[in-house]
S.K.: 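I am attaching a structure below and will ask some questions about it afterwards.
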Number of protein chains: 2
Amino acid sequence: MTDHASAADTGHVQPLEPRQLEAYFVLLEAVSLLQHAVEQHLRAEGDISYVQFQLLARLFHAPGPLTMTQLADGVVYSRSGLTYQAGLLEKAGLITRGPCPDDERATRVTLTDAGRDLFHHVLPGHVRLSRRLLFDPLSDDDVDHLGDIMTRVRDHMRAQPPRSAAPRKRRTATPALPAEAAT
Amino acid sequence: MTDHASAADTGHVQPLEPRQLEAYFVLLEAVSLLQHAVEQHLRAEGDISYVQFQLLARLFHAPGPLTMTQLADGVVYSRSGLTYQAGLLEKAGLITRGPCPDDERATRVTLTDAGRDLFHHVLPGHVRLSRRLLFDPLSDDDVDHLGDIMTRVRDHMRAQPPRSAAPRKRRTATPALPAEAAT
DNA sequence: GCTTTTTGCTTCGAATTTGAAGCATGTGAG
DNA sequence: CTCACATGCTTCAAATTCGAAGCAAAAAGC
């Protein structure tokens with residue numbers, strides 16, 4: 001565990017796996033702590049959960065209204081969970097759900113002015129908090145590297161075959177993976 | 001500070017904040033995706049949730065039994081949630097709860113052989129998955145840097161004053177923070 | 001044109017999570 | 001010693017989450 005050993009040595013001290021595991025675990029631990037803190041802050045600041053904040057952020061940055069599926073795909077979230085949260089946000093007057101002209105079954109989710117206001121209300125504190133918790137101990141270079149790394153990781157995982165949120169995306173052609181849930 | 005000095009003189013293109021925000025969001029998004037995938041895998045492989053896996057891992061790596069509080073503090077988790085999960089794990093025969101000789105109110109949580117077996121059963125696949133999802137697009141150097149960065153972040157946040165899980169840590173003397181839950 | 005399949009979303013029930021409240025033990029001050 | 005408070009854990013009700021099932025619209029096949 002405490003095997004720091006100046007990494008510059010490039011020696012084959014370890015099969016890399018332990019360091020990978022350590023990085024993996026500390027990554028999840030740190031993010032978990034961060035999420036918790038952020039959740040508390042958002043609740044206190046604007047009485048919304050982090051998921052709701054994410055939804056508002058997605059809608060805010062999108063050029064126009066989004067469908068439920070686009071939202072659920074952006075935020076990692078189950079469809080039913082999104083329906084629930086959208087219900088809450090709509091009841092709170094932060095978003096509106098309406099029919100989509102192109103696709104009769106789709107639901108167009110639109111950010112209301114109140115939603116935009118709320119987002120603007122909580123964003124500064126959110127930024128401040130994330131800076132204090134996450135970026136305080138990091139150099140500008142670290143930030144760049146971190147962003148670069150996680151962007152690659154995200155794109156890699158997004159490109160990966162089947163995501164949990166889309167178990168029905170079974171196309172007619174999936175020739176290479178017949179075995180499933182092998183005991 | 002790790003002064004890599006690569007993007008040193010590339011100009012003050014942005015006030016850094018946007019890049020920070022981007023790094024922050026992509027970090028949470030990537031981890032979210034990763035967690036989802038891991039969750040699916042653990043469920044299929046050993047019929048446990050990620051939280052339960054974390055608990056087993058903590059117990060496995062600890063020199064001896066841990067108390068509930070130590071577990072809840074390690075894993076970011078509410079006390080009551082931990083009680084619930086410990087109940088499940090105990091019912092499944094993976095851990096044992098017993099009294100602590102030092103402290104009558106504390107509960108000593110011990111990993112059973114079955115728990116150890118299960119951990120060993122799921123660990124290889126877990127490692128394989130994390131490597132495929134997280135480390136595939138990363139160089140060894142990236143892994144080192146990521147581990148380094150996140151370790152610093154974690155330690156920083158652990159050192160930060162009040163954590164969510166400990167709202168009761170109000171001492172008699174708290175001179176600097178009279179305001180609370182300000183509306 | 002009509003059936004079959006896929007897609008978008010919601011409803012439903014079960015599982016999980018949380019914060020507040022409660023209980024019992026430890027700790028320190030007087 | 002005794003009281004007040006802190007700590008460790010659990011119970012409880014309420015909120016959130018997920019997956020499966022269901023329904024309507026669209027796309028594909030024939």
Side-chain angles (χ1 to χ4, degrees), chain A residues 32 35-36 39-40 42-44 47-55 65-73 75-92 97-109 163-174 181, chain B residues 32 35-36 39-40 42-44 47-55 65-73 75-92 97-109 163-174 181:
Chain A
S32 204
Q35 274 189 330
H36 242 257
E39 194 103 16
Q40 302 299 319
L42 283 175
R43 180 69 61 190
D47 202 36
I48 56 174
S49 66
Y50 178 66
V51 179
Q52 295 171 336
F53 173 78
Q54 270 187 307
L55 294 175
L66 296 176
T67 69
M68 295 292 278
T69 293
Q70 287 174 312
L71 271 179
D73 190 44
V75 180
V76 182
Y77 221 63
S78 69
R79 319 277 203 212
S80 49
L82 181 60
T83 296
Y84 176 73
Q85 286 296 342
L88 290 186
L89 290 177
E90 189 173 39
K91 201 181 318 179
R97 276 185 289 187
C100 181
D102 301 339
D103 196 332
E104 197 62 41
R105 19 181 208 169
T107 300
R108 260 159 56 111
V109 180
R163 264 205 320 305
S164 69
R168 289 152 75 198
K169 252 174 191 162
R170 203 69 51 72
R171 281 274 169 100
T172 346
T174 314
Chain B
S32 203
Q35 275 189 330
H36 243 258
E39 195 103 14
Q40 303 297 321
L42 283 175
R43 180 68 62 192
D47 201 37
I48 55 175
S49 66
Y50 178 66
V51 179
Q52 294 171 336
F53 173 78
Q54 270 187 307
L55 293 174
L66 296 176
T67 69
M68 296 289 279
T69 293
Q70 286 174 312
L71 272 179
D73 191 45
V75 180
V76 182
Y77 221 63
S78 69
R79 319 278 204 215
S80 49
L82 181 61
T83 296
Y84 176 74
Q85 286 296 341
L88 290 185
L89 290 176
E90 190 173 38
K91 202 181 316 178
R97 275 187 290 187
C100 182
D102 301 340
D103 197 331
E104 196 65 40
R105 21 183 208 167
T107 300
R108 260 159 56 113
V109 180
R163 266 208 313 308
S164 70
R168 289 151 73 198
K169 253 173 192 164
R170 206 67 50 74
R171 281 276 170 99
T172 344
T174 314

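A note on names: the letters A, B, ... follow the listed sequences, proteins ahead of strands, and every chain is numbered from 1. As the structure is a computational prediction, the values presented were derived from the model and not from experiment.
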S.K.: For the helix from C:dG1-D:dC30 to C:dG30-D:dC1, measure the angle between the helix axis at one end and the axis at the other, each built from five pairs, rounding to 10°.
M.R.: 30°
S.K.: Counting just side-chain N and O atoms, does B:R97 come under 4.0 Å of either OP1 or OP2 of D:dT10?
M.R.: yes
S.K.: Stepwise, does the side chain to side chain contact (heavy atoms under 4.5 Å, CB included) test hold for B:L82 with B:L55?
M.R.: CA-CA 9 Å; B:L82 181 61; B:L55 293 174; 3.8 Å; yes
S.K.: Rounded to whole Å, please give me the gap between CG in A:D103 and C1' in D:dA26.
M.R.: 7 Å
S.K.: Can you measure A:R108 atom CZ to C:dG8 atom P for me and round it to whole angstrom units?
M.R.: 16 Å
S.K.: Rounded to whole Å, how long is the line connecting atom CG of B:L66 with atom P of D:dG8?
M.R.: 14 Å
S.K.: Just the rounded figure in Å: distance from C1' of D:dT11 to CE of B:M68.
M.R.: 13 Å
S.K.: Is there a side chain to side chain contact (heavy atoms under 4.5 Å, CB included) between B:Q85 and B:L88? Walk through the geometry before answering.
M.R.: CA-CA 5 Å; B:Q85 286 296 341; B:L88 290 185; 3.8 Å; yes
S.K.: B:I48 has an atom CD1; how far is it from atom P of C:dA15, in whole Å?
M.R.: 18 Å
S.K.: Look at all strands and tell whether A:T107 reaches a base, only sugar-phosphate, or nothing, counting heavy atoms closer than 4.0 Å.
M.R.: sugar-phosphate
S.K.: Any idea which of C:dG26, D:dA26, C:dC9 is nearest the A:R105 side chain?
M.R.: D:dA26
S.K.: Identify the heavy atoms of A:R108 and A:C100 that sit nearest to each other, and give their distance.
M.R.: CD-CA, 3.5 Å
S.K.: How would you list, by chain and number, every residue that makes a salt bridge (Lys or Arg N to Asp or Glu O under 4.0 Å) with A:E90, sequence neighbours excluded?
M.R.: A:R97
S.K.: With the criterion being N/O to N/O and under 3.5 Å, what pairs connect the protein with nucleotides 12-18 of chain D, and how long is each?
M.R.:
unit_1	atom_1	unit_2	atom_2	d
D:dT16	OP2	A:Y84	OH	2.6
D:dT17	OP1	A:Y77	OH	3.1
D:dT17	OP2	A:Y77	OH	2.4
D:dT17	OP2	A:Q85	NE2	2.4
D:dT17	O5'	A:Y77	OH	3.1
D:dC18	OP2	A:S78	OG	2.9

S.K.: Looking only at non-hydrogen atoms, find the nearest pair between A:L42 and A:S49 and report the distance.
M.R.: CD1-O, 4.1 Å
S.K.: B:Q70 has an atom CD; how far is it from atom C1' of D:dC9, in whole Å?
M.R.: 14 Å
S.K.: Take atom CG of A:D102 and atom C1' of C:dC9, then tell me their distance rounded to the nearest Å.
M.R.: 17 Å
